[in-house]
Amino acid sequence: MDFFMDNLVLFGSIGMFTVVYFYGYFFIFNRLWKGRYRYEAASCGMSLTHGTVVAVLCCYEIFSKEWVLDAPNTPFQDKIMEYSMAYFIVDMLNLAFTAPDDYLFIIHHIGTLSYMISCRYFIHHGAVSVMCCIAGGEVTSPVQNIWTLAKLAKDASQKAKQLFISISPYFTVYFSIVRGGFGPYLTWTLGKFYLRGHADNIMPRWLAWCWMFKLAFAIVASMLWVKDLWLALFSRTKPQGPVQVKSD
């Protein structure tokens, strides 16, 4: 009971994201989307609710305070992590039931959850690093989810297709800058601090290595997606050659 009362944001947010998911599935995305696309669209609605809010909160935490990577977690930072953990728990359950073959995304969710759980409940320090990681991962969320929804609906809606085509170049550039620029810089900065033992007084070195491995994995996965985004964009914008007409 004490654990429940101490984590009201976590359990309340799990309930909220569950409601958002099923509301989207049954009432918002029940026309254009069918089958697996409908589950993905409902997940996007939940991701949009999570990412937009948490990106603003984490950016506030990053830019309003000094980066002290081994500082004790503040109560507000703990609540942000609880809110974010709730989203990943609900979405991981969604993936387990609707897309169990999406191993990369499931592994990403497990890695992200374990990072936040260890910071929130075991060492009670280092939340600034979590704020930075969440901000870097979620600051693209509004554009990314709109782009994804348009992509899912482009075969059923001409408006969605036009939106997908028009937003793709901007999303690709924006995503590349954040994940391909800020992401590696953040990983390098955190790695220099934690792997050199500057936080040995608040966390075991093996946990620091686990944190950095998860970040490195996320960066590699992001780079692969950046590559796929650019390849897809070039393939869509590549001019078509002249149509050859066979003569009798």
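All values derive from a computational prediction rather than experimental measurement.
Between Phe17 and Phe88, the gap from one ring centroid to the other reaches at least 6.0 Å. Not less than 6.0 angstrom separates the ring centroid of Trp147 from the ring centroid of Phe175.
Two residues are said to be in side-chain contact when any heavy atoms from C-beta on lie closer than 4.5 Å; His109 and Asp91 meet this criterion. Side-chain contact between Val139 and Phe182 is absent, with no heavy atoms from C-beta onward closer than 4.5 Å.
With values rounded to the nearest 0.5 angstrom, Met46 atom CE is found 8.5 Å from Thr49 atom OG1. Summarising the geometry, atom OG belonging to Ser84 is positioned 12.5 Å from atom OH belonging to Tyr115; distances are rounded to the nearest 0.5 Å. Note that CG of Leu215 and SG of Cys133 are 4.5 Å apart. Values are rounded to the nearest 0.5 Å. The structure places OG1 of Thr52 at 11.0 Å from CG of Leu57, a figure rounded to the nearest 0.5 Å. In this structure, CG in Asp6 is found 10.0 Å from CZ in Phe11, a value given to the nearest 0.5 Å. Note that NZ of Lys151 and CD of Gln144 are 11.0 Å apart. Values are rounded to the nearest 0.5 Å.
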(request) Might you work through the ring pair (Phe, Tyr, Trp, His ring centres under 6.0 Å) test for Trp209 and Phe213, ending with a clear yes or no? (result) CA-CA 6 Å; Trp209 278 98; Phe213 175 79; 9.9 Å; no

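Shown here are the salt bridge (charged side-chain N to carboxylate O under 4.0 Å, His left out) partners of Asp200, two or more places apart in sequence or in another chain: Arg205.
The minimum heavy-atom distance linking Trp33 with Leu149 is given by the pair CZ2-O, 3.7 Å.
Ring pair His108/Phe105 is parallel by interplanar angle, where below 30° counts as parallel and above 60° as perpendicular.
Among pairs with a residue in residues 69-79, those fulfilling salt bridge (charged side-chain N to carboxylate O under 4.0 Å, His left out) read Asp78-Arg120, Lys79-Glu82, at least two apart in sequence or across chains. Pairs of residues two or more places apart, or lying in two chains, never qualify as salt bridge (charged side-chain N to carboxylate O under 4.0 Å, His left out) while including a residue from residues 208-231.
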